[in-house]
Amino acid sequence: MKIMPNRMDRGFFLYQNEFENKALQVLRSGRYILGNELHSFEEEFAAYTGAAHCVGLASGLDALWIAFRILGIGKGDEVIVQGNTYIASVMGITINGATPVFVEPDEYYNIDPDKIEEKITSKTKAILVVHLYGQAADMSSIMPIVRKYRLRLVEDCAQSHGACFEGKMTGTFGDIGCFSFYPSKNLGAFGDGGAIITNDETIANEVRIFRNYGSEKRYYNKVVGANSRLDELQAGLLRVRLSHLKELTEEKERICQRYLGELNNKCFQLPQIRSGATHVWHQFVIRCKDRERLIKYLDEKGVGTLIHYPIPPHLSDAYRYLGYKEGSFPITERYAKEVLSLPLYNGMSEEEQSYVIKRLNQFIL
Ligand SMILES: *Cc1c(COP(=O)(O)O)cnc(C)c1O
């Protein structure tokens, strides 16, 4: 049996007719940018998250850097972020000239709230909370810090569509929640896409203007903006996917509950779920001391895996200028060496799940 780490085609075939009908409808409409599909998607996604406003953008990275731009956070400012995130979180901070200040993760792979305060300086303007792998971060410990130091809070929800902390949706705790609709995300488009959500009407309006060359009225430009619009085709297809997101999330939950219940090999460590948090399982991430051997073994058995992420941002070439070296963030670096994402996707058959479980349980270190 051959199992790939992800199968995005399966997610398409689950609702093939609906996706194809919507695509044809948009193609035949003659309206491809800033039309009714986008409007409707924004309303529906805001309603889904419980936020007052949603503004569609061209990608998750755009959502992040535009969020910090609109909040006025740039050169000379510091933004706190966990060390073990996808590099786009960090780029969202540095594109505006601000400095990322890394904090080590906890055992749930999210920012360790106990290590935030020691990093706060007079330059700290914001915390970027990443709900990594689909599990909500410990917001009950983070929010008091945000309030105490009067910081801005931006949430990177690129992996956490629908995840909650104590019943409240990720993305609605702070000033701005940033989402990606990259095809492999839990709410995936068929190309690039992103959005911000916010309860602040002024922020929503400013982002709406910024994404369209800084113009509200055609040829009347208020600010130097960007071209970052979620197009009609993607918005329409996202509406179809969003209408099924509840069952898609439940399906992933069922698969991961099987993994949690049936994987019983002491050679690796299973993910843990924080009390108060929900996990929407963007990735099912295990940890193994001899990961390279596990990868090789699984590969020989036809089970594909991925690493999220092998090089922490502070050690990547792009951020050499920050001056960190190996050993700067030991927990972050250990996770980068040990984490492994198991095959997981909507439309994964029970046979495929059983095969992954069987092979993993047979691994001997
Ligand atoms: C995917 C992702 C992003 C970037 O989203 P794009 O749409 O690919 O630009 C940012 N942060 C995290 C945590 C992500 O997983």
Side-chain angles (χ1 to χ4, degrees), residues 60-61 64-65 68 73 76-139 141-142 145-146 149 151-160 178 268-272 274 277 282-283 285-292 295 306-341:
L61 175 60
L64 288 160
W65 75 261
F68 286 111
I73 294 168
D77 299 331
E78 292 177 355
V79 178
I80 286 173
V81 65
Q82 67 192 69
N84 62 323
T85 186
Y86 181 51
I87 201 160
S89 312
V90 183
M91 290 186 179
I93 296 165
T94 61
I95 285 171
N96 295 296
T99 303
V101 174
F102 298 110
V103 171
E104 294 269 47
D106 59 19
E107 63 269 39
Y108 305 95
Y109 305 114
N110 285 320
I111 193 166
D112 187 339
D114 293 334
K115 294 178 181 163
I116 294 176
E117 276 193 270
E118 64 200 55
K119 295 294 180 82
I120 292 177
T121 72
S122 58
K123 292 179 180 168
T124 310
K125 291 284 151 52
I127 301 180
L128 174 60
V129 168
V130 187
H131 304 288
L132 200 70
Y133 304 147
Q135 176 165 214
D138 180 5
M139 300 313 293
S141 303
I142 295 167
I145 302 170
V146 169
Y149 295 93
L151 301 175
R152 295 291 205 165
L153 173 63
V154 178
E155 294 172 77
D156 183 338
C157 307
Q159 305 188 359
S160 74
C178 301
F268 49 80
Q269 196 176 322
L270 297 174
Q272 294 171 271
R274 185 195 310 277
H282 174 59
Q283 300 294 345
V285 176
I286 62 170
R287 242 169 48 230
C288 180
K289 293 256 181 262
D290 199 345
R291 179 181 65 190
E292 301 324 308
I295 292 172
L306 292 171
I307 300 169
H308 299 94
Y309 300 91
I311 303 170
H314 73 274
L315 295 180
S316 75
D317 286 345
Y319 289 116
R320 196 174 299 163
Y321 73 88
L322 292 171
Y324 294 109
K325 54 186 189 314
E326 191 113 21
S328 296
F329 299 97
I331 302 172
T332 297
E333 292 164 25
R334 179 158 56 82
Y335 285 179
K337 291 193 175 82
E338 295 181 0
V339 293
L340 188 66
S341 305

| request: Let me see the working for H131 and M139 under side-chain contact (heavy atoms from CB on, under 4.5 Å), right down to the final yes or no. | output: CA-CA 10 Å; H131 304 288; M139 300 313 293; 3.7 Å; yes
| said: D77 vs R152, test: side-chain contact (heavy atoms from CB on, under 4.5 Å). Steps then yes/no. | reply: CA-CA 12 Å; D77 299 331; R152 295 291 205 165; over 6 Å; no
| said: As a quick check of understanding, evaluate side-chain contact (heavy atoms from CB on, under 4.5 Å) for I145 and I120, giving each step before the final call. | reply: CA-CA 10 Å; I145 302 170; I120 292 177; 3.8 Å; yes
| field | Derivation and outcome, side-chain contact (heavy atoms from CB on, under 4.5 Å), residues Y319 and I87 | value | CA-CA 10 Å; Y319 289 116; I87 201 160; 3.7 Å; yes
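Residue V79 comes nearest to I93 through the heavy atom pair CG1-CD1, 3.6 Å, listed as atom of the first residue, atom of the second, then distance. A pairwise comparison of heavy atoms in A88 and L64 identifies O-CD1, 3.7 Å as the closest pair. When all heavy atoms of A137 and R274 are compared, the pair lying nearest together is C-NE, 4.1 Å. Heavy atoms only, all atoms of each residue included: P100 and V90 are closest at CG-CG1, 3.8 Å.
Using a 4.5 Å heavy-atom threshold, the side chains of Y109 and V339 count as touching. K119 has its side chain out of reach of T124: every pair of non-hydrogen atoms, C-beta onward, lies at least 4.5 Å apart. Annotation: side chain of V285 is not in contact with side chain of P271 (no heavy-atom distance under 4.5 Å). Counting only heavy atoms from C-beta outward, the side chains of I116 and Y149 never approach each other to under 4.5 Å. Counting heavy atoms from C-beta outward, Y335 and P105 have side chains that approach closer than 4.5 Å. Annotation: side chain of I295 is in contact with side chain of I307 (closest heavy-atom distance under 4.5 Å). Looking at heavy atoms from C-beta onward, E333 lies in side-chain contact with H314 at the 4.5 angstrom threshold. Side chains of K289 and E338 form a contact here, defined as non-hydrogen atoms less than 4.5 Å apart.
Residues satisfying the ring-ring contact (aromatic ring centres under 6.0 Å, His included) test with F68, not counting sequence neighbours, are none.
For the 3.5 Å distance criterion, the side chains of S341 and H308 qualify, holding a donor opposite an acceptor. Between the side chains of E78 and T99, no donor N or O sits under 3.5 Å from an acceptor N or O.
Atom OH of Y309 sits in a crowded spot, with more than 12 heavy atoms from other residues, nucleotides or ligands closer than 6.0 Å.
Between D156 and the options L128, V129, V81, a side chain to side chain contact (heavy atoms under 4.5 Å, CB included) holds for only L128. When each of I111, I80, L322 is tested with F102 by the rule side chain to side chain contact (heavy atoms under 4.5 Å, CB included), just one qualifies, namely L322.
Under the 6.0 Å cut-off for aromatic ring centres, Y324 and F329 qualify, their centroids lying closer than that.
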